[in-house]
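Within every chain, numbering begins at 1; the chains are lettered A, B, ... in the order of the sequence lines, protein sequences first and strands thereafter.
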Amino acid sequence: MDKSFDPRAVEPRWRRAWEELGLYRADPASGRPPFSMVIPPPNITGRLHVGHGLNNTLQDVLARWKRMGGHDVLWVPGSDHASIATHVMLERQLEKEGTTRQALGREVFLERAWAWKEKYGGEIVEQLRRLGVSCDWSRERFTMDPGLSRAVREVFVRLYEEGLIYRDRYMINWCPRCRTAVSDLEVVHKEFPGTLWTLRYDLEGGGAVRVATTRPETFLGDAAVAVHPDDERHRGLAGRTAILPILGRRIPVVADDFVDPSFGTGAVKVTPAHDPNDFLAGRRLGLAPIVIMDDAGRMTAEAGPCAGLDRFECRRLLVERLRAEGVIEEEKPHTISAGRCQRCDTIVEPMISLQWFVAMEPLARPALEAVESGRIVFIPDSWRKTYFEWMRNIRDWCISRQLWWGHRIPAWSCAGCGRMLVLREDPSSCPECGSDRLEQDPDVLDTWFSSGLWAFSTLGWPDRTPELGRYYPTSVLVTGYDIIFFWVARMIMMGLKFMGDVPFRAVFYNGLVRDAQGEKISKMKGNVIDLFDLMDTYGTDAVRFTYAAMSSPGADVPLSPGRLEGSRAFANKIWNAARFARPHLEGPRAATMRRENLSVADRWILSRGSRTAREIHEALSAYRFDEAAAAIYRFTWHDVCDWYLELSKPALAAGGREAEAARAVLSHTLDRVLRLLHPFMPFLTEELWQGLVRGAEDPVSLSLAAYPQDEPRWDDPEAERMMDRMMETVVAARNLRAASGIAGGTRLPRLELVTADDQVRRDLSALAPSIAGSTRTAEVVFVASFAPGIDRARTVTSLGEIGLPLEGVMDRPAERERLQREIERVTKELSVHQAKLSNDRFVQRARPEAVEKVRSAHRELSERLSRLQATLAQIAT
RNA sequence: GGGCGGUUAGCUCAGCGGGAGAGCACCUGCCUUACAAGCAGGGGGUCACUGGUUCAAAUCCAGUACUGCCCACCA
């Protein structure tokens with residue numbers, strides 16, 4: 001075995017083996033309780049990033065933990081076609097080639113999209129595999145698979161038939177670059193400094209009205225000026241006619257209470273075709289919208305002299321001209337908020353357009369109830385409020401996109417009878433009039449429409465498959481909180497609607513991955529951390545462990561090199577612990593452990609192991625990945641490596657029954673560490689377990705072995721107490737040694753322990769020789785007399801008795817100073833406890849355990865204090 | 001404009017009513033036959049601020065400051 005762990009030599013081998021053996025196929029016939037999850041399908045548009053790393057690591061921890069815990073685990077992997085995101089990527093490619101999708105045509109473009117999917121969709125799945133995730137690869141799905149497409153169509157048709165999908169000419173968000181409608185959620189609002197212009201419109205018959213706007217060019221589309229009916233300043237204005245500058249168009253002044261009299265001049269220009277508010281006002285007031293911009297953001301003929309100009313160019317020129325003509329009466333800085341396309345960052349335009357919508361309110365009601373009632377649990381539950389808020393104010397969902405890559409809308413218009421047909425199967429002729437002049441709606445569906453069905457479409461719906469019966473609802477969804485509306489909410493609505501049950505019983509929201517400074521990772525900032533660089537540098541296990549360790553509920557996950565290095569060191573530590581254990585594990589399996597043959601150290605580590613299993617079980621049950629990781633870390637490094645392995649050395653060397661017992665405990669403990677750690681670090685643990693621990697009757701893989709439970713028969717508070725005392729003593733000794741300047745390598749002779757307490761004598765005496773045999777811990781022997789219960793006569797000054805003259809060994813002034821500091825500290829702490837115990841209310845009202853804790857702490861502290869003082873007195877002489 | 005979260009050791013973060021913690025960094029001493037990606041020891045914090053509740057507050061409540069995020073059709 002190499003001196004250090006080399007992940008690259010280990011990972012590919014096990015990755016391959018796990019998959020070739022098909023270990024992670026769900027087995028409905030197994031008779032074990034099911035545990036199921038669907039992966040949040042990564043988009044085919046890019047590489048797996050650090051966020052995917054976190055999300056999939058946490059899912060895999062759960063999957064492996066549950067599998068080892070005896071569940072039939074189904075974890076469905078797959079990828080998402082990502083309609084608009086893929087368009088953006090492909091169009092960037094085309095742009096480099098000097099062409100456009102429009103020039104290419106739909107068919108050729110779709111061929112390229114499929115080619116992209118084959119290439120990058122395959123890559124992203126490969127990248128998932130590198131993480132070591134235990135998905136059921138035999139059930140990999142893609143949102144545009146035939147089966148899933150059938151589900152999409154079924155859902156569309158049924159919602160249409162129920163009137164929950166409708167078509168309307170309505171105001172939507174339009175991206176002039178993507179040239180498609182996008183939903184409200186796909187618009188990202190950003191604030192930036194802008195200008196508020198005040199324009200003067202002359203009134204017919206004299207006078208003028210002033211309106212404030214942040215988008216002066218839209219005056220070209222004004223259909224009215226509105227004032228509040230109760231606004232004294234504008235009394236008598238309603239009913240008159242304003243004349244638009246430049247165009248000279250006459251528009252009415254109307255009164256409506258949507259106007260906020262306190263803003264600007266109290267009069268507002270109404271542009272029904274280019275502002276959501278004005279659109280509604282226009283409908284109410286019967287104003288015809290005037291469209292001044294086309295689908296590419298260029299001004300139309302309605303824009304008069306500006307026709308053909310780009311929208312921003314138009315604004316620039318218009319402002320100049322209006323200034324010159326004195327129409328602009330005021331310009332002042334104003335923070336404005338513009339919506340941008342989530343995918344391409346282009347400023348979106350509110351536009352009136354004929355689109356397909358889903359009526360959300362009927363779907364939202366049960367989805368709201370499911371979370372309110374606790375049928376779906378959110379972790380952390382603070383997300384409930386966010387979810388409720390959105391659900392209660394839900395607006396209809398614009399689902400049609402003027403794109404090509406995606407699920408095409410199953411609607412045909414018949415040129416024969418003029419009917420709109422929405423059908424499950426592609427028609428060859430009109431079922432109503434028999435005409436074959438049918439034309440399918442060119443649009444595709446919002447990519448989230450199909451992902452909303454993911455929890456059941458991946459299990460074979462609309463067929464009543466056995467998988468649906470067994471694995472739906474899924475056990476838990478692990479996802480980022482950034483898609484709570486896009487995905488989680490819609491899955492809940494669709495699941496309830498079409499399956500009649502929730503899609504998952506719980507949602508765990510993992511944090512966002514941030515950089516070491518806690519900054520959001522973005523290409524703009526240039527702080528992108530590449531997941532594969534991380535895995536190459538630190539090893540996949542270390543990266544996974546870091547994710548888990550940093551994943552505390554409700555918090556984002558900063559990826560700091562320090563943590564990653566710590567995890568890598570941890571992997572290496574285990575590797576070397578195994579290297580140490582190896583020679584002792586060879587040969588026939590160690591005998592069963594019998595308490596009466598075990599040393600205190602043995603009993604202690606078994607007890608700690610039991611406790612650790614319990615802690616991990618509790619932590620993972622509550623999705624506390626961080627606490628579980630901390631528990632296994634503490635146990636492995638600090639209990640097993642720092643203490644147990646050192647203490648076992650002499651016993652192992654001793655041979656005979658003593659060594660036999662130590663071997664048994666060592667083997668048991670290493671096995672336990674590897675099992676407990678496996679969900680977090682699957683590669684390293686599998687490698688070591690296969691090489692060192694696995695017996696003939698064990699499963700082929702550690703990932704199929706049983707997860708350790710607590711072992712009440714090894715719970716041993718007495719041994720833990722004794723070891724605590726022992727460790728305290730050793731630390732005191734090491735301090736002394738350091739202060740005395742005794743070199744680390746110096747071997748110190750043994751000291752016979754003298755104690756009045758038989759039990760203590762037996763156990764510590766049994767321990768002492770073993771300690772003495774180890775150079776690292778030898779020093780314990782000469783001050784073991786510090787330990788409570790041991791004859792106080794033998795204090796540090798008895799060094800002389802064991803042949804080491806104090807003089808020349810110990811730096812007295814330094815030790816004296818250290819002791820004094822320690823005495824001060826203990827005295828201070830003691831006084832705190834003293835005060836508590838003399839506080840009647842504390843003694844009466846606090847929980848009895850709390851009081852007892854303080855009492856015993858007080859007792860120990862005062863004993864310690866007197867020992868320290870005695871030592872000081874002796875040194876002083 | 002609403003809503004949510006954060007402010008604890010130099011850095012990144014746990015702890016959320018009764019003894020201030022982890023990883024990394026730092027200081028001292030060690031290549032000790034598993035591991036220098038290591039071992040042993042150590043230093044370092046009025047737990048943002050103000051007030052309140054309580055026998056007891058980093059922890060609960062109110063407010064302030066700073067900060068991050070989400071939602072929202074104020075021109």
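- Whole-Å rounding puts the A:D2 CG to B:G38 P distance at 17 Å.
- Look at NZ on A:K649: it is 9 Å from P on B:U33, rounded to the nearest Å.
- One C1' atom belongs to B:U8, the other to B:A14, and the distance between them is 10 Å to the nearest Å.
- Inter-residue side-chain proximity for A:D222 and A:V270 is flagged as unmet; no heavy-atom pair is nearer than 4.5 Å.
- With both pairing distances under 3.5 Å, B:G38 is matched to B:C30 as a Watson-Crick or G-U wobble pair.
- In a base pair of the Watson-Crick type (N1 to N3 plus N6-O4 or O6-N4) or a G-U wobble (N1-O2 and O6-N3), with each distance short of 3.5 Å, B:G5 is matched with B:U67.
- A:K385 has no side-chain polar atom (N or O) that falls below the 4.0 Å cut-off from OP1 or OP2 of B:G3.
- Using N1 to N3 plus N6-O4 or O6-N4 for Watson-Crick, or N1-O2 and O6-N3 for G-U wobble, each under 3.5 Å, B:A14 pairs with nothing.
- Judged by atom type and distance alone, A:E646 reaches the base of B:A34 through a side-chain donor-acceptor pair under 3.5 Å.
- Regarding A:R283, its CZ atom lies at a distance of 17 Å from the P atom of B:C73, rounded to whole Å.
- Between the CG atom of A:L684 and the C1' atom of B:C35 there is a distance of 13 Å, given to the nearest Å.
- Taking atom P in both B:A20 and B:C13, one finds a spacing of 24 Å when rounded to whole Å.
- In terms of polar N and O atoms assigned as donor or acceptor, the side chain of A:K3 never comes within less than 3.5 Å of the base of B:C35 in a complementary pairing.
- Between A:D260 and A:S262, the side chains place a donor N or O and an acceptor N or O closer than 3.5 Å (distance only, hydrogens not considered).
- Comparing A:T386 and A:D275 by the nucleotide of RNA chain B that holds the closest heavy atom to each, the one mapping nearer the 5' end is A:T386.
- Here, B:G17 and B:A22 have their C1' atoms 22 Å apart, quoted to the whole Å.
- With both ends at atom P, the span from B:C60 to B:C69 equals 25 Å, rounded to whole Å.
- Rounded to a whole Å, the OH atom of A:Y633 is 8 Å from the C1' atom of B:A22.
- Comparing the C1' positions of B:C11 and B:G45 gives an interatomic distance of 14 Å, to the nearest angstrom.
- Between the NE2 atom in A:H274 and the CD1 atom in A:I352 there is a gap of 7.5 Å [rounded to 0.5 Å].
- Looking at heavy atoms from C-beta onward, A:K836 lies in side-chain contact with A:F842 at the 4.5 angstrom threshold.
- Proximity of A:R563 to the phosphate of B:C24: no side-chain N or O atom is located under 4.0 Å from OP1 or OP2.
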Margin query: The test is salt bridge (Lys or Arg N to Asp or Glu O under 4.0 Å); show your working for A:E349 and A:R215 and say whether it passes.
Written below: CA-CA 12 Å; A:E349 287 293 333; A:R215 305 182 54 197; 2.8 Å; yes
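- Comparing the C1' positions of B:A48 and B:U32 gives a spacing of 47 Å, expressed to the nearest Å.
- Remark: B:A25 base-pairs with no nucleotide in the shown strands. Criterion, Watson-Crick or G-U wobble with two distances under 3.5 Å.
- The side chain of A:W637 places an N or O atom within less than 4.0 Å of a non-bridging phosphate oxygen (OP1 or OP2) of B:C39.
- In a base pair of the Watson-Crick type (N1 to N3 plus N6-O4 or O6-N4) or a G-U wobble (N1-O2 and O6-N3), with each distance short of 3.5 Å, B:A62 is matched with B:U50.
- Contact check, A:R579 against B:C35: a side-chain N or O comes under 4.0 Å of OP1 or OP2.
- The distance between atom CG of A:D256 and atom P of B:C73, rounded to the nearest whole Å, is 18 Å.
- Comparing B:G41 with B:U53, their P atoms are spaced 45 Å from each other, to the whole Å.
- Note that A:K649 lies in the cation-pi zone of A:F580, set by a 6.0 Å cut-off to the ring centre and a 45° limit from the axis.
- Proximity of A:R395 to the phosphate of B:C73: a side-chain N or O atom is located under 4.0 Å from OP1 or OP2.
- Side-chain atoms of A:R624 and base atoms of B:A14 include no donor and acceptor less than 3.5 Å apart.
- Regarding A:D381, its CG atom lies at a distance of 13 Å from the C1' atom of B:G5, rounded to whole Å.
- When both pairing distances are held under 3.5 Å, B:C74 makes no Watson-Crick or G-U pair with any nucleotide shown.
- Taking atom P in both B:U7 and B:C16, one finds a spacing of 13 Å when rounded to whole Å.
- A close approach under 4.0 Å does occur between a side-chain nitrogen or oxygen of A:S552 and OP1 or OP2 of B:A14.
- Atom pair A:W575:CH2 and B:C35:P shows a separation of 14 Å (rounding to whole Å applied).
- The phosphate of B:G23 has OP1 or OP2 within less than 4.0 Å of a side-chain N or O from A:H638.
- Seen from the ring of A:W397, A:R490 counts as a face-on cation partner, given the 6.0 Å and 45° thresholds.
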